[in-house]
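Below is one structure, written out as structure tokens, with a few remarks after it.
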Amino acid sequence: MARRDEIIRYALSGPAGTLRFTLASLYETLYRLEERGQIRGRWVEKAGQRRRRYYKLTTLGRRVLDLESQRLKDLVRVLEGRRRQETRT
């Protein structure tokens, strides 16, 4: 099993730090979020087009997103502090 820092490094290994996902991992993540009640999906069918699934963030999903966003901001703050310390020495 990959460690969390390896996963983060892989996800951010795209150009200019952009996130990189495979379609399989994206769909797996969507299914997992839906099972947890953090998003709600619905199928939409239009004449002459393939049916599509649209997702909407639930109230629980919004709370989780807010918490995770704060955790990432905290992580960035810590990493920036470490980088500043390393450049001083």
Side-chain angles (χ1 to χ4, degrees):
M1 181 174 287
R3 290 182 19 203
R4 186 175 182 173
D5 58 330
E6 293 169 342
I7 294 169
I8 292 171
R9 207 171 314 125
Y10 173 79
L12 295 175
S13 65
T18 57
L19 292 176
R20 180 174 80 177
F21 291 99
T22 64
L23 281 178
S25 66
L26 176 62
Y27 287 120
E28 181 180 324
T29 300
L30 288 170
Y31 296 142
R32 191 172 38 243
L33 291 171
E34 194 167 17
E35 285 177 357
R36 292 178 183 170
Q38 296 172 2
I39 62 173
R40 186 175 309 117
R42 66 180 177 91
W43 287 105
V44 173
E45 296 185 42
K46 292 185 180 179
Q49 296 181 359
R50 290 177 39 182
R51 69 182 188 153
R52 297 179 181 173
R53 190 147 176 91
Y54 290 87
Y55 295 91
K56 183 175 181 176
L57 204 54
T58 64
T59 302
L60 172 62
R62 171 56 63 188
R63 284 196 302 260
V64 171
L65 177 61
D66 291 344
L67 287 170
E68 291 300 320
S69 295
Q70 187 57 52
R71 287 180 59 194
L72 283 172
K73 289 175 188 175
D74 294 344
L75 174 63
V76 167
R77 191 175 61 250
V78 167
L79 293 174
E80 287 175 342
R82 284 186 183 174
R83 187 183 62 192
R84 276 192 238 95
Q85 287 175 350
E86 289 175 359
T87 57
R88 289 182 198 154
T89 59

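Please read all numbers here as calculations on a predicted model, not as lab measurements.
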Grouping I, L, V, M, F, W and Y whenever their side-chain heavy atoms are under 4.5 Å apart, do [X] and [Y] come out in a common cluster?
| X | Y | answer |
| --- | --- | --- |
| L57 | Y31 | yes |
| L30 | V64 | no |
| L67 | L60 | no |
| Y54 | L65 | no |

Exercise. Kindly check if the number of other-residue, nucleotide or ligand heavy atoms within 6.0 Å of OH (Y27) is above 12?
Key: no
Quiz item: Take atom CZ in R53; do more than 12 heavy atoms of anything else shown fall under 6.0 Å from it?
Solution: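 Count over threshold, so yes.
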Quiz item: Would R63 and D66 satisfy salt bridge (Lys or Arg N to Asp or Glu O under 4.0 Å), going step by step from the backbone distance to the final call?
Solution: CA-CA 5 Å; R63 284 196 302 260; D66 291 344; over 6 Å; no
Practice problem: Run the salt-bridge test on R32 and E28 with the 4.0 Å N-O cut-off and return the result as yes or no. | Solution: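 The answer is yes: the pair qualifies as a salt bridge.
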Exercise. For the pair E68 and R71, find out whether any cationic side-chain nitrogen is under 4.0 Å from an anionic carboxylate oxygen.
Key: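 Answer for the salt bridge query: yes.
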Quiz item: Taking atom CZ of R82 and atom CG of L79, what is their separation to the nearest 0.5 Å?
Solution: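 One gets 6.5 Å once the value is rounded to the nearest 0.5 Å.
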Quiz item: In Å and rounded to the nearest 0.5 Å, what is the CZ to NZ distance from R52 to K46?
Solution: 7.0 Å
Practice problem: Evaluate side-chain contact (heavy atoms from CB on, under 4.5 Å) for K73 paired with V76, printing each intermediate quantity in order. | Solution: CA-CA 5 Å; K73 289 175 188 175; V76 167; 5.8 Å; no
